[in-house]
There are 4 protein chains.
Amino acid sequence: MADTKPKKLVFTRQEMFEINKKTLNKRGVQLEAIAEICYQQQSKYSDDVSRDVCMESVEKILSLRDVFHHIQLAAEIDRLAEEKMFQGPIQDIIYEDLGMFGIDETMGLDVAGLYGTIGQTNFGDIDVNKHGIVKRLNDAGKEDGICHTFLDDIVGAIAAAASTRVAQILNEDLAHEDTGVKRFSIFDIK
Amino acid sequence: MADTKPKKLVFTRQEMFEINKKTLNKRGVQLEAIAEICYQQQSKYSDDVSRDVCMESVEKILSLRDVFHHIQLAAEIDRLAEEKMFQGPIQDIIYEDLGMFGIDETMGLDVAGLYGTIGQTNFGDIDVNKHGIVKRLNDAGKEDGICHTFLDDIVGAIAAAASTRVAQILNEDLAHEDTGVKRFSIFDIK
Amino acid sequence: MADTKPKKLVFTRQEMFEINKKTLNKRGVQLEAIAEICYQQQSKYSDDVSRDVCMESVEKILSLRDVFHHIQLAAEIDRLAEEKMFQGPIQDIIYEDLGMFGIDETMGLDVAGLYGTIGQTNFGDIDVNKHGIVKRLNDAGKEDGICHTFLDDIVGAIAAAASTRVAQILNEDLAHEDTGVKRFSIFDIK
Amino acid sequence: MADTKPKKLVFTRQEMFEINKKTLNKRGVQLEAIAEICYQQQSKYSDDVSRDVCMESVEKILSLRDVFHHIQLAAEIDRLAEEKMFQGPIQDIIYEDLGMFGIDETMGLDVAGLYGTIGQTNFGDIDVNKHGIVKRLNDAGKEDGICHTFLDDIVGAIAAAASTRVAQILNEDLAHEDTGVKRFSIFDIK
């Protein structure tokens, strides 16, 4: 009977943002902590970075359809690994976060690439050197019963993408100072 | 003396769009031909696709900084190969468009990925099956003195990215019909 | 008590090959069907392709650690979706194989890229135009109770990687005919 | 008259290795310096890493066709930028190594991915934090008349790929200790 209702597969960007925010919060991640990594990365290069533009970038990225699919799948894989629902060798490989397992990084690189290649090398840095919330998730994932194998990479990738978006905005501002031309509306920073 | 003027490295999105359009025209590519591939791909899946939304997508993509760098480098590599300026084996490999040479596809995949993975598989289809302007560039590149080794891939990748953007817009419209909620301004389709 | 035994996380290449073969067979995929796509793709370009070299390539790829992780995770995600174990919107998105869902393609592109970019565009062609076993898996996945959302992409990606490996071998043979030099053992085709 | 000789487009792996080595030496890069980054990265994780296995990995990677194309193109783009041969804005963007220019990183990610995703995140770390020879190339590139915009990324990517290959070998050894089974010849580490 329940199955006669048509399934909802496509969500609006506001719906996706809200579901993503709820999922991240439930898995222990506040959006401010993601924006903080972005702020730390970009304020090294420029004095004009505000926490507001970092937070706005994180929010915009959380409304993208690809990012919605990544966060929802990543959070569920981690939960299913915590509940030992995978059969075969992949259960322990995910749960123990084997160093040579790289599908979490594959997903992270995909998210980070939505704002270009610079996002992907930023993600590599965050992944290897584990800044802020990424380190806290990674450490917590070593505790008994907790698995953050996929979540730490997705969170790092969102920070890397936000960081690249902020750099794009700063470059656009810089270019406009040079020309004095006002902005063309269809070319807003995506 | 000429070098005392500071070099201009960063351009506004409108400037980048205009330089890209000029470069593509000079190498024999009209924007309408790129929009046409996008239209042919998407009108298979939906009756709601217009040529206008395809053209708008192509224009928006041509204003992105990463795409600006790709088009400008691709057009110059092809020109330098036509003028036999490369030293060593790479001159003939590029000029003859060796089948196992894949850096043109690497650049195409990077452009296509700016709107997500679906763009990358769309690009693979265009690259292997050579639709419309991509086929015409590829064929012309076999003539004496003409090299389109990089340009055909970049053009195919822009079409693939535009195609994915149009699909995103159609999905957003569909999702809004479901909810009846009006759009949230910060979540415009990028 | 069971947990006191150290977990096995790292497998030999032969073990990985055998587990992968068993998993693919269980999900309805014979290795010959993957080799067949590879053969169909490469015999278009050369008369020197044998089914043996295609099969050898498929087997070698099935022994790679990254491919092991991809196949094992892909098969388990499909099974868990069949058993309705995912919570939230991602259950229906995976089970119904939503067109805009692209993480299966992200994983496929990663596998296909192990033998270079040409593998990735080959994969795009297979993904869009659905050759052989990929089409059969995709069609079967529409039946009630069956989900092949991830498996068809992984299988297509293995075929694409094998296809690229075969092309590399043919090119190496061609290059040796030119030089008459015998092969240097450390440079075997990987 | 010269053009009647058929062009040589396909090289053996030994030829490609030797041409690559010569090109790197000419641009100031010794293979030992690339192997050193690999050694520094992997000796953090294991005591069983030798400089020999790092060097063997670098040599093997330098014989791959995709890597041959990348090194040959990268070295030529840098040389052509030094000689101011590019027309339009891309000349200064490459020569000055603009921070938002990412095609050098796109090429690096492609090389690094030949041994899997872990190679790509290793590359991100090397790219952002600039270890050893990568830092020296990057610094030298700021001097008048020298451009290493593409070379430093390709060199970092080769180090990252070698590093991943070494990790794969260590894992294979580890897996064999567990099983006591002897190696299956067709499954040598690629």
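By convention in this document, chain letters (A, B, ...) are assigned in the order of the sequence lines, proteins followed by strands, and residues within each chain are numbered from 1. Computed over heavy atoms, backbone and side chain alike; hydrogens, waters and symmetry mates excluded.
For the atom pair CZ (Phe101(C)) and CD (Gln72(A)), the distance works out to 11.0 Å, reported to the nearest 0.5 Å. For the atom pair OH of Tyr95(C) and NZ of Lys7(A), the computed distance is 6.0 Å after rounding to the nearest 0.5 Å.
With a 4.5 angstrom heavy-atom cutoff, Leu80(C) touches chain A only via side-chain atoms. Contacts of Gln87(A) with chain C are made by both backbone and side-chain atoms, with heavy-atom separations under 4.5 Å. Heavy atoms of Asp66(A) lying under 4.5 Å from chain C belong exclusively to its side chain.
Heavy-atom pairs under 4.5 Å with chain A were tallied for Gln91(C), Arg79(C), Met85(C), Met107(C); the largest tally goes to Arg79(C). In terms of non-hydrogen atom pairs under 4.5 Å with chain A, the most contact-rich of Leu73(C), Leu109(C), Ile77(C) is Leu73(C).
Pairing each heavy atom of Leu9(C) with each of Leu98(A), the nearest pair is O-CD2, 3.6 Å. Residues Ile90(A) and His69(C) approach most closely at CD1-O, 3.8 Å, considering heavy atoms.
Residue-level contacts of residues 20-29 of chain C with chain A do not occur; threshold 4.5 Å between heavy atoms. Within residues 138-154 of chain A, the residues having any heavy atom less than 4.5 Å from a heavy atom of chain C are, in residue-number order, Phe150(A).
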Pair His70(C)-Ile103(A), side-chain contact (heavy atoms from CB on, under 4.5 Å): steps then yes or no: CA-CA 7 Å; His70(C) 275 292; Ile103(A) 303 179; 3.6 Å; yes

